[in-house]
Amino acid sequence: MDEKKLQELLKLLQMNNGDLSKLNEQQRKEMKDYKFWKTQPVASFDEDIKTEGPIDKAKKPEDIPASPLPLLNEFEWSTIDINNQTELEDVFLLLNENYVEDKDAAFRFNYTKDFFNWALKAPGWKEEWHVGVRVKKSGKLIAFISAIPITLKLRENTIKSVEINFLCIHKQLRAKRLAPVLIKEITRRVNRHNIWQALYTAGTVLPSPVSTCRYTHRPLNWSKLYDVGFTDLPPNQTKTDMLAHFALPKTNKVAGLRPMEPKDIEEAYKLFEKYQSRFDLVQLFTKEEFSHWFLGNVDENKQEKDLEKKIVFSYVVEDSKSGKLTDFFSFYSLPFTILNHPGHSELGIGYLYYYATDADFSFEDRFSNDATAALRKRLDELIGDAIILAKNVKMDVFNALTSQDNTLFLEDLKFAPGDGFLNFYIFNYRAFPITGGLKENKAYDPEKRSNIGVVML
Ligand SMILES: CCCCCCCCCCCCCC(=O)SCCNC(=O)CCNC(=O)[C@H](O)C(C)(C)COP(=O)(O)OP(=O)(O)OC[C@H]1O[C@@H](n2cnc3c(N)ncnc32)[C@H](O)[C@@H]1OP(=O)(O)O
């Protein structure tokens, strides 16, 4: 690394150190009170990190016990076969009834079988990494945690890793220290495959986030959001004002925009790889993974025809003269169930996923004024069209994080900052902080943007 780059990196890291500790100060406990996490290979808060790399000394899979951790007598481990409809149903029942809910318990995620087939059956998935706990007597599934294999790239280092998601414990069995047992068991099962690092995200502050991003929301169907209590009417505004403010055209603007097809994979993949290389933390996709994540886990003949049931939506922009793909974007659908509302039972939610564009490729410094202006203009157009497409498939709100280059378009496209923050963690790895697209006061940071280039479901 040359001197200039090193200086820039150090400057950036110092600034972010400030950001992260301030951002998470109120929510975190003292290190000694993290009874479980203080025993794990994770960095402690405010640790003075000198070099990046694994925390534990190297181990071999043979050093790891071959059999599962002991559980309380009334429970048993249950590896979930998600190809088995009944077992898959057990998982989505558990999650739909017990996964993340908002503070007032008015909404909860509505995971579907199709969503799980996409999220959990990524190339290289292993049944033994879908870990459940059942009540021995009744067979009821009361806890779940999952891992999928990924290759992470953190700055110069490529890290064979897993992504941990969908940790869930039945509401009636909370605060009984079952989560640490699940986490240790999935660690064991992953370690047996010679993988020692994991990426995970949580709203909760644990030791220690490598980055923190903020959730942002772009209303698409303001009146429904207002009806169900997702959105308030700001003081001095009328409903008519709000509807006018968030109104969207019916048709797309970007010339050459069309749904991504299998024939686009090769070119879209190259464009994507090039765009992603700007970020500090990315997932390196194989072509097979790229195809899975952007075309969905369905064969061509079975592509979902009913757009309102589709899970992942991917679009490319084809230049009419050269026939080249210049841009690509994607979003996915994960609706909320609305609890106890007479008029509405579901809230359609779109999440911005990955995107790529060649808009700033020709500039030497992507942070120069000209490069920033070019990228901002293009992202406004592209994500502006994504929002229209989402609205046209009956989504009511479109969510994005402050990750990637998102802070360039969030304000222009009327995404409002939400209450929620998402912390990014890497297990068994010391890493310098990564910009999350936020200033110290938690406002969007369009100057530094974010160096988080991974999007987790
Ligand atoms: C190399 C391979 C490595 C693989 C593993 C990598 C690590 C993966 C880590 C997991 C990544 C998951 C990514 C996602 O899926 S994030 C989504 C998490 N799920 C939900 O929020 C759904 C609703 N909530 C629940 O189901 C429960 O409240 C959960 C299961 C979250 C905790 O259950 P419960 O409330 O009954 O608590 P407990 O008494 O059993 O346990 C208390 C201990 O657990 C620590 N805790 C609480 N919440 C989380 C959390 N979200 N990540 C990690 N740790 C968490 C907590 O600080 C305390 O430890 P300590 O403070 O004493 O130290």
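Worth saying up front: this structure is predicted, and the values here are computed from it rather than measured.
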Please test Tyr315 against Phe328 for ring-ring contact (aromatic ring centres under 6.0 Å, His included), starting from the C-alpha separation and ending with a verdict. CA-CA 6 Å; Tyr315 288 80; Phe328 133 81; over 10 Å; no
Hey, does Ile186 have a side-chain heavy atom less than 4.5 Å from the side chain of Val162? no
Suppose we call two aromatic rings close when their centres sit under 6.0 Å apart. Are Phe272 and Phe294 close by that rule? yes
Would you say the side-chain atoms of His341 pair up with the backbone N or O of Asp227, donor to acceptor, closer than 3.5 Å? yes
In terms of heavy-atom contacts, Leu167 and Ile145 come closest through CD1-CD1, 4.0 Å
Counting distance only, does the side-chain N/O of Lys391 pair as donor-acceptor with the main-chain N or O of Leu220 below 3.5 Å? yes
Partner of Asp405 by salt bridge (Lys or Arg N to Asp or Glu O under 4.0 Å), out of Lys448, Arg278, Arg376, Arg378: Arg278
Working to the nearest 0.5 angstrom, can you tell me the gap between Asn252 CG and Asn392 CG? 7.0 Å
Trace of the side-chain contact (heavy atoms from CB on, under 4.5 Å) decision for Val316 with Arg258: CA-CA 6 Å; Val316 291; Arg258 60 170 176 79; 3.5 Å; yes
Does Glu163 reach the main-chain N or O of Leu199 with its side chain, forming a donor-acceptor pair under 3.5 Å? no
Derivation of the side-chain contact (heavy atoms from CB on, under 4.5 Å) call for Leu88 and Asn117: CA-CA 9 Å; Leu88 183 58; Asn117 277 330; 4.3 Å; yes
To the nearest 0.5 Å, what is the distance between CZ on Phe230 and NZ on Lys224? 11.5 Å
Gap between atom CZ of Phe432 and atom OG of Ser211 - 0.5 Å precision: 15.0 Å
Looking at side-chain heavy atoms only, is the closest gap between Ile434 and Leu154 below 4.5 Å? yes
Among Thr201, Thr402, Asn423, which one satisfies side-chain hydrogen bond (donor to acceptor under 3.5 Å, both in side chains) with Thr212? Asn423
Using 30° and 60° as the class boundaries, would you call the ring planes of Phe331 and Phe329 parallel, tilted or perpendicular? parallel
Carboxylate-amine/guanidinium contact Glu381 Lys253, below 4.0 Å: no
Do Arg214 and Phe421 touch side chain to side chain, with heavy atoms closer than 4.5 Å? yes
Tell me if the aromatic rings of Trp129 and His193 count as close, with their centers under 6.0 Å from one another. yes
Counting only heavy atoms from other residues, nucleotides and ligands, does the tally under 6.0 Å from CD of Glu127 exceed 12? yes
Answer yes if the ring centres of Trp118 and Tyr332 are under 6.0 angstrom apart, and no otherwise. yes
May I ask you to check whether Tyr354 and Phe285 place their ring centres under 6.0 Å from each other? yes
CD1 of Ile387 to CG of Leu382, rounded to nearest 0.5 Å, is 11.0 Å
Are Lys160 and Asn194 close enough that a side-chain donor and a side-chain acceptor fall under 3.5 Å? no
Please examine the side chains of Phe45 and Pro209, heavy atoms only from C-beta on, and report whether any two atoms are closer than 4.5 Å. yes
Side chains of Asn369 and Thr372, donor plus acceptor under 3.5 Å: no
Nearest heavy-atom contact between Phe279 and Val282 is CB-CG1, 3.7 Å
Give the intermediate values and the outcome of side-chain contact (heavy atoms from CB on, under 4.5 Å) for residues Leu141 and Leu93. CA-CA 9 Å; Leu141 185 73; Leu93 248 170; over 6 Å; no
Using a 3.5 Å distance criterion without hydrogens, assess whether the side chain of Arg449 forms a donor-acceptor pair with backbone atoms of Gln404. no
Apply side-chain contact (heavy atoms from CB on, under 4.5 Å) to the pair Thr231 and Val397, showing each step before the final yes or no. CA-CA 10 Å; Thr231 298; Val397 59; over 6 Å; no
Kindly indicate whether the side chain of Glu289, heavy atoms from C-beta on, has any atom under 4.5 Å from the side chain of Thr286. yes
Please examine the side chains of Phe116 and Val91, heavy atoms only from C-beta on, and report whether any two atoms are closer than 4.5 Å. yes
For atom NZ of Lys239, decide whether the heavy atoms of other residues, nucleotides or ligands shown that lie under 6.0 angstrom number more than 12. no
Heavy-atom closest pair (Pro249 atom, Ile388 atom, distance to 0.1 Å) is O-CG2, 3.4 Å
Taking Asp385 for the side chain and Val254 for the main chain, is one N or O donor matched with an acceptor at less than 3.5 Å? yes
Looking at every heavy atom in both Trp293 and Ala119, which two are closest together, and how far apart are they? CH2-O, 3.6 Å
Thr112 side chain reached by Ile311 side chain, heavy atoms, under 4.5 Å: yes
So, Ser403 side chain and Ile452 main chain: donor-acceptor pair closer than 3.5 Å or not? no
For the pair Arg430 (side chain) and Gly53 (backbone), establish whether a donor and an acceptor sit closer than 3.5 Å, ignoring hydrogens and angles. no
Do Ser146 and His130 come within less than 4.5 Å of each other through their side chains, counting heavy atoms only? yes
For atom NZ of Lys394, decide whether the heavy atoms of other residues, nucleotides or ligands shown that lie under 6.0 angstrom number more than 12. no
Specify the closest pair of heavy atoms between Tyr444 and Glu411, including all atoms of both residues, with the distance to one decimal. CD1-OE2, 4.1 Å
Heavy-atom closest contact (Pro219 atom, His217 atom, distance): CD-O, 3.6 Å
Parallel, tilted or perpendicular: rings of Phe361 and Tyr275 (30°, 60°): tilted
Residues Lys287, Glu266: salt bridge by 4.0 Å N-O rule: yes
Give a yes or no answer on whether the side chain of Thr357 reaches the backbone of Asp327 with a donor-acceptor pair at less than 3.5 Å. no
Inspect the surroundings of CG in Asp232 and state if more than 12 heavy atoms from other residues, nucleotides or ligands are less than 6.0 Å away. no
Indicate yes or no for a side-chain donor-acceptor contact from Asp280 to the backbone of Arg155 under 3.5 Å, with no hydrogens or angles considered. no
To the nearest 0.5 Å, tell me how far Met242 CE sits from Leu225 CG. 10.0 Å
CD1 of Ile426 to CG of Leu281: how many Å apart, nearest 0.5 Å? 5.0 Å
I'd like to know if the side chain of Glu346 pairs up with that of Asn110 as donor and acceptor (distance under 3.5 Å, no hydrogens or angles considered). yes
Ignoring hydrogens and angles, tell me if any N or O in the side chain of Asn406 forms a donor-acceptor pair with the backbone of Leu401 under 3.5 Å. yes
